[in-house]
Structure formats: structure tokens, C-alpha cells
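A quick write-up on the structure given underneath.
Every chain is numbered from 1 and lettered A, B, ... according to where its sequence line falls, protein lines coming before strand lines. Since the structure is predicted, the reported quantities are computational estimates derived from the model, not experimental observations.
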Amino acid sequence: MTIRLQREAFDIGREIDAMTRGRTDIGAVVTFTGICRGTEDDGPIAALTLEHYPGMAEEEIARHIAEAERRWPLLGVTVIHRYGRIEPGETIVLVVTASSHRQAAFAAGEFLMDYLKTRAPFWKREERTGDTRWVEAKDDDDEAAARWR
Amino acid sequence: MTIRLQREAFDIGREIDAMTRGRTDIGAVVTFTGICRGTEDDGPIAALTLEHYPGMAEEEIARHIAEAERRWPLLGVTVIHRYGRIEPGETIVLVVTASSHRQAAFAAGEFLMDYLKTRAPFWKREERTGDTRWVEAKDDDDEAAARWR
Amino acid sequence: MKLLYFAWIRERIGKEQEDVELPADVKTVEDLVSWLAARGDEYAHAFANPKVVRAAIDRHHVKPDASLTGAREIAFFPPMTGG
Amino acid sequence: MKLLYFAWIRERIGKEQEDVELPADVKTVEDLVSWLAARGDEYAHAFANPKVVRAAIDRHHVKPDASLTGAREIAFFPPMTGG
């Protein structure tokens with residue numbers, strides 16, 4: 001598994017390549033990319049600033065990946081989560097899952113995203129014109145994560 | 001929507017970029033990449049040759065994308081399917097789905113793959129050492145597609 | 001009427017496509033399969049098990065009882081294995 | 001014992017971390033929240049609604065009734081909004 005927390009943007013093609021190059025056992029690769037949107041439910045935003053708990057964030061992601069590996073026959077998992085200031089249109093998070101068949105790759109990707117949303121120690125602060133505020137957690141994210149219990 | 005049938009490999013990063021560049025409404029992009037494996041259930045394979053029904057393949061994919069767009073609030077869909085001879089480790093198919101939220105992007109990607117497997121007019125022929133044969137359709141692919149009815 | 005064949009159906013029949021004049025009593029896809037199967041050994045071989053043969057009329061999947069009325073292009077192929 | 005604060009809890013308390021000596025009767029996470037809330041206005045503000053405060057002991061999520069025995073690092077933060 002590959003876990004990286006970084007300020008910099010990532011290159012999705014390069015991450016897939018790093019996972020699959022030289023292998024002939026992988027039949028399916030699913031990627032999820034989360035992108036900063038320019039509008040939230042109640043208006044435009046100028047940027048997000050992502051804070052995280054260094055150390056725990058990596059460990060918590062590693063625990064989720066280990067759980068995904070127990071549930072599905074995965075052949076590779078990469079999670080990259082950015083922190084710092086991110087503007088609309090920029091990427092925030094990348095999850096790559098590989099398996100011999102598509103069902104496991106899709107399910108594990110969705111599982112990891114649901115858990116990252118509700119259990120990984122990251123907090124988003126929205127920057128609006130002349131104002132900033134912390135993003136509130138969403139009930140439907142908790143419900144999405146609860147499906148896997 | 002973007003639909004392409006081609007012999008050549010595709011560049012996943014470039015396809016995501018083409019879909020998302022300059023937009024701030026997309027919050028989630030899911031990609032599925034199908035890759036030729038070097039071993040099927042009953043032994044090693046040297047290559048696949050993919051035959052398709054030109055004209056119908058594009059139309060059938062377009063009908064599936066239109067159905068996905070009816071079911072989920074999608075902001076972009078790209079399907080690229082290769083034909084011709086493909087060796088183990090090479091890509092076969094790419095599906096990219098974008099939405100403002102992750103659930104729609106995941107569900108639409110899985111829906112499109114299930115339908116491509118069972119309804120898009122493509123046929124795989126396996127090349128083994130000194131032998132070739134047509135791949136048989138799998139019951140579990142039909143069952144996966146039936147979930148969406 | 002234009003007929004198209006794909007994958008092992010194409011291989012067994014030995015051609016990719018052909019134009020045929022159908023008798024008046026060939027009204028559905030399954031009528032056409034029976035009529036073709038009687039045209040020679042290669043067709044009989046291709047349609048030996050009609051259950052595994054799929055058909056499309058004018059590029060839309062159809063069932064065996066689909067009517068041929070108005071059809072321009074009919075394709076026969078095995079179950080799809082793309083993706 | 002090392003305490004860490006994140007997001008608006010950090011902002012309200014005005015510091016990222018601190019080392020504290022706990023009285024013997026502070027045995028659980030909720031005991032610690034009550035003890036901290038009584039330390040001053042900034043803490044009272046941060047812990048005004050304990051229901052929205054989450055805690056981790058040594059980098060594992062825990063519930064309010066979790067024991068502090070053996071803990072080295074305790075973090076307080078609002079519900080996560082990553083991903």
C-alpha cells in the first residue's frame with residue numbers, strides 16, 4: 001500500500017502506472033479523485049484550507065486500507081490526501097484500488113472514500129469573500145460509512 | 001459525453017484533464033480501467049484480440065451513457081474501448097464519470113461497466129500457446145448487469 | 001436485406017456479411033435463424049445452438065421473436081464479452 | 001500528558017498543544033473534557049458542546065468513556081471533514 005499526505009498536487013496517471021507497471025495479474029483499476037468545488041450549498045467559496053493530524057492521519061488511513069484488504073482481494077491500494085490551501089478546480093484526494101476483477105476494485109474504492117470522509121483526521125476550512133469557516137460534517141457521510149459495518 | 005473506439009492505448013490523466021479542466025462544479029471523478037490479465041482461470045494467455053460491431057458499439061455505449069445520465073446527476077462521462085490485439089498488462093477499456101458528489105460518480109461507473117460487459121457488442125478471443133479461442137460470457141456478468149434493472 | 005456475422009459465428013459461416021432475399025414466410029429473427037441454418041453445413045454449424053446466438057436489428061438488441069418488418073441490417077453474434 | 005487540539009477547538013483554545021498534569025480523579029475522556037472546560041473561558045468555549053467534540057488516544061479514535069490509563073497523547077477535534 002502507498003499512503004502519502006502532501007501539499008503538492010498528484011499525477012493520477014503516474015500513480016496508476018506505479019501500481020500496475022510490469023504486472024499481469026491486475027485486471028481492474030478504479031480511481032477516485034476528489035476535487036475542490038467552487039460552490040457549496042450556500043454560495044461560492046474562494047478556497048479550502050485542509051488541516052490534518054500528522055501521524056494519526058497516516059495510521060488511520062493504513063488501518064482502513066488493511067480493513068479493505070481483509071474484505072476484498074486487492075492487488076494494490078494508493079491513498080494520497082493533500083493538505084494546506086486548495087482552490088476550486090484543484091484536487092484534494094486520490095484513492096486507487098486494483099484487483100483482478102472490477103467488483104472488488106469498485107467496492108474497496110467506495111469503502112475507502114466513505115471512511116476517509118468520516119474517520120480520517122482532516123478538517124476543511126472554507127474561505128469565502130471576507131470570511132472563513134470550518135466545514136461541518138455531513139450526516140449522509142456518516143450514513144455512507146455506516147453501510148460497511 | 002465522449003465515446004471512442006480505438007486500437008491505440010489511452011492516457012487516463014489526459015482524459016480526466018479533458019473532462020475537468022476549467023470547471024469548478026465537478027467534485028468527484030471516478031475512473032475504471034480494464035486491463036488484459038496474463039492468466040485466466042484455466043491458464044496463461046499470450047494476448048486477447050477484440051472484435052467489435054462498428055456503428056452499433058458506439059450507439060449501444062451512447063444509449064448506456066444516456067441511461068446513466070437519467071439515473072444520476074453526472075457532469076461528464078467518457079468511455080474508450082480498444083479493439084484489435086492486446087497483450088497482458090495493456091489496457092482494454094476506460095470509463096470516466098464525474099459528478100458533484102462521489103456516490104453518483106461511483107454508481108454510474110459501476111453501472112456502465114456492468115452494461116459494457118454484457119450489452120456492448122465486443123468479443124474477446126484468447127490467444128494461448130499454439131491455440132486461440134473465443135472467451136465465453138460469464139453468468140456473473142449478466143447478474144451484475146441485472147442489478148440495475 | 002443485409003446480414004452481418006461476428007466472432008465465432010462469422011468464422012463458422014466464413015463471411016463477415018452478405019445480402020439475402022428472404023422468402024415471405026420468414027417473418028421473425030427465429031424464422032431467419034431456421035432459414036439460414038438450412039442453407040448449408042457452415043450455417044448449420046453456426047446456428048447449431050440457437051440459444052447462444054444473439055441478434056440485433058438495425059443496431060439494437062432484439063429477442064428471437066422480433067419482427068423483421070422494416071429491418072435493413074440484421075447482425076448475429078455470440079454473447080458479448082467486452083469491457 | 002500531551003494534549004493536541006485541531007480545527008476550531010485549536011482556534012478557540014488558542015494553542016495547538018500543551019502538556020498537563022492531571023488530578024487523580026480525571027480517569028476518562030469525558031472527565032478530562034469537564035476538567036479542561038473549567039480551566040478558563042477559552043476552554044469553556046471550545047468544549048461548550050461536548051457532543052460535537054471527538055477524541056483520540058494515542059492516535060486511535062475513542063469514545064467519551066474511554067479510560068486515560070496509559071495514554072501518552074490525547075487529541076480533541078471536531079467531526080472530520082476530509083476526503
Side-chain angles (χ1 to χ4, degrees), chain A residues 10-17 19-41 44-47 75 87-103 105-107 109-114 116-117 138 140-141 143-144 147, chain B residues 10-17 19-41 44-46 75 87-103 105-114 116-117 138 140-141 143-144 147:
Chain A
F10 42 78
D11 179 328
I12 300 166
R14 187 176 303 172
E15 298 303 331
I16 296 175
D17 227 48
M19 184 181 289
T20 59
R21 180 179 296 282
R23 297 183 67 158
T24 59
D25 54 342
I26 292 174
V29 176
V30 168
T31 71
F32 174 87
T33 308
I35 299 175
C36 177
R37 294 189 296 142
T39 313
E40 283 301 327
D41 306 329
I45 67 163
L75 296 170
E87 294 188 356
E90 284 189 75
T91 56
I92 299 171
V93 62
L94 174 67
V95 172
V96 187
T97 50
S99 184
S100 49
H101 295 290
R102 70 187 183 286
Q103 288 88 351
F106 270 116
E110 210 167 354
F111 169 88
L112 286 168
M113 278 309 305
D114 285 351
L116 281 173
K117 283 267 176 192
K138 287 183 189 148
D140 63 349
D141 285 331
E143 282 156 23
R147 290 186 297 160
Chain B
F10 42 76
D11 179 328
I12 301 166
R14 187 175 304 172
E15 298 303 330
I16 296 175
D17 227 48
M19 184 181 291
T20 58
R21 178 178 296 280
R23 298 183 68 158
T24 58
D25 54 342
I26 292 174
V29 177
V30 168
T31 72
F32 175 87
T33 308
I35 299 174
C36 176
R37 294 188 297 142
T39 312
E40 283 300 328
D41 306 329
I45 67 163
L75 297 170
E87 294 188 356
E90 284 188 75
T91 56
I92 299 171
V93 62
L94 174 67
V95 172
V96 186
T97 50
S99 184
S100 50
H101 294 290
R102 72 189 184 284
Q103 288 88 350
F106 270 116
E110 210 167 353
F111 169 88
L112 286 168
M113 278 309 305
D114 285 350
L116 282 173
K117 284 268 176 191
K138 286 182 191 150
D140 62 349
D141 284 333
E143 283 156 23
R147 289 186 297 160

Output the distance between atom OG1 (T97(B)) and atom CZ (F32(A)), rounded to the nearest 0.5 Å.
9.5 Å
Heavy-atom pair count under 4.5 Å with chain A, highest-scoring of G38(B), A144(B), A98(B)
G38(B)
I12(A) and side chain to side chain contact (heavy atoms under 4.5 Å, CB included): which partner among T31(B), I16(B), D17(B), V29(B)?
I16(B)
Answer yes or no: is there a side-chain heavy-atom contact under 4.5 Å between T20(A) and I35(B)?
yes
Region of S100(B) that comes under 4.5 Å of a non-hydrogen atom in chain A:
both
Is chain A contacted by the side chain of A105(B), its backbone, both, or neither, given a heavy-atom distance below 4.5 Å?
neither
Crowding at CZ, R147(A) (>12 non-hydrogen neighbours, <6.0 Å)
yes
Options C36(B), A28(B), G89(B), ranked by heavy-atom pairs under 4.5 Å with chain A, top entry:
A28(B)
Heavy-atom cut-off 4.5 Å, strictly under: side chain, backbone, both or neither for I26(B) against chain A?
both
Measure across R102(A) and D114(B) and return the closest heavy-atom pair with its distance rounded to 0.1 Å.
NH2-OD1, 2.8 Å
Below 4.5 Å, heavy-atom pairs only: which of G27(A), P88(A), G13(A) has the largest tally toward chain B?
G27(A)
Just so I know, are the side chains of T39(B) and T24(A) near enough to count as touching, which here means a heavy-atom distance under 4.5 Å?
no
Quick check: do Q103(A) and M113(B) have side-chain heavy atoms less than 4.5 Å from each other?
no
Side chain from CB out, backbone as N, CA, C, O: work out which of these in R23(B) comes under 4.5 Å of a heavy atom of chain A, or both, or neither.
backbone
